[in-house]
Amino acid sequence: MQLTAPATGRTTTTARDADGMAVASFVLGLLGLLVFNLFLGPTAIVLAGVALWRDTGRRGRALLGLGLGVADLVVLVAFMQADNALSWSF
């Protein structure tokens, strides 16, 4: 009888967590283009970085989340420059 999981390969919990972080970074980066980009952009970047560091199976989704997180911050800076304010509105 074996009480612990074998030590070979990555565990399913870690893989599931990393995959979930990749999807979450993509969704938060996408939402951040519309609302709360000051908070959602950096969150998407951090989640994508952690997912890539944990070797996610959804590498493309994590990279998209990373790109969208950076785009959130670029959009924020562009609108801040256009409005001369700390936030932006339509």
Side-chain angles (χ1 to χ4, degrees):
M1 180 165 85
Q2 186 176 12
L3 296 176
T4 60
T8 59
R10 63 181 205 181
T11 63
T12 58
T13 305
T14 304
R16 235 183 343 195
D17 289 346
D19 291 348
M21 286 183 199
V23 172
S25 71
F26 173 72
V27 171
L28 291 177
L30 199 57
L31 285 174
L33 289 173
L34 301 174
V35 293
F36 300 121
N37 48 3
L38 181 62
F39 301 109
L40 295 180
T43 304
I45 292 170
V46 169
L47 283 174
V50 172
L52 289 170
W53 183 67
R54 290 187 179 181
D55 195 31
T56 182
R58 297 177 184 245
R59 184 172 172 81
R61 185 108 359 124
L63 290 173
L64 280 173
L66 182 66
L68 285 170
V70 170
D72 291 346
L73 297 178
V74 169
V75 166
L76 176 67
V77 168
F79 278 117
M80 283 173 44
Q81 292 297 322
D83 290 344
N84 292 325
L86 186 59
S87 64
W88 63 274
S89 62
F90 291 107

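For clarity, every value in this text was computed on a predicted model and none was experimentally measured.
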For residues F36 and L30: do they belong to one hydrophobic cluster (side chain heavy atoms under 4.5 Å, members Ile, Leu, Val, Met, Phe, Trp, Tyr)? yes

By side chain to side chain contact (heavy atoms under 4.5 Å, CB included) - contacts of L28 (at least two apart): L40, T43, A44, L47

Hey, quick one: are V23 and L31 part of the same hydrophobic cluster, counting side-chain heavy atoms closer than 4.5 Å, chains of contacts allowed? yes

With a 3.5 Å cut-off and sequence neighbours excluded, list the donor-acceptor pairs that the side chains of residues 64-80 form with protein atoms.
residue	atom	partner	partner atom	Å
D72	OD1	L33	N	3.1

When every non-hydrogen atom of A51 is compared with those of A18, the smallest separation belongs to CB-O, 3.5 Å

Side chain of D19, backbone of T56: donor and acceptor closer than 3.5 Å? no

Considering all heavy atoms, the nearest R61-S25 contact: O-OG, 4.2 Å

Heavy-atom pair with the smallest gap, counting every atom of A22 and R58: CB-O, 3.7 Å

Shortest non-hydrogen contact from P42 to N37? CD-O, 3.8 Å

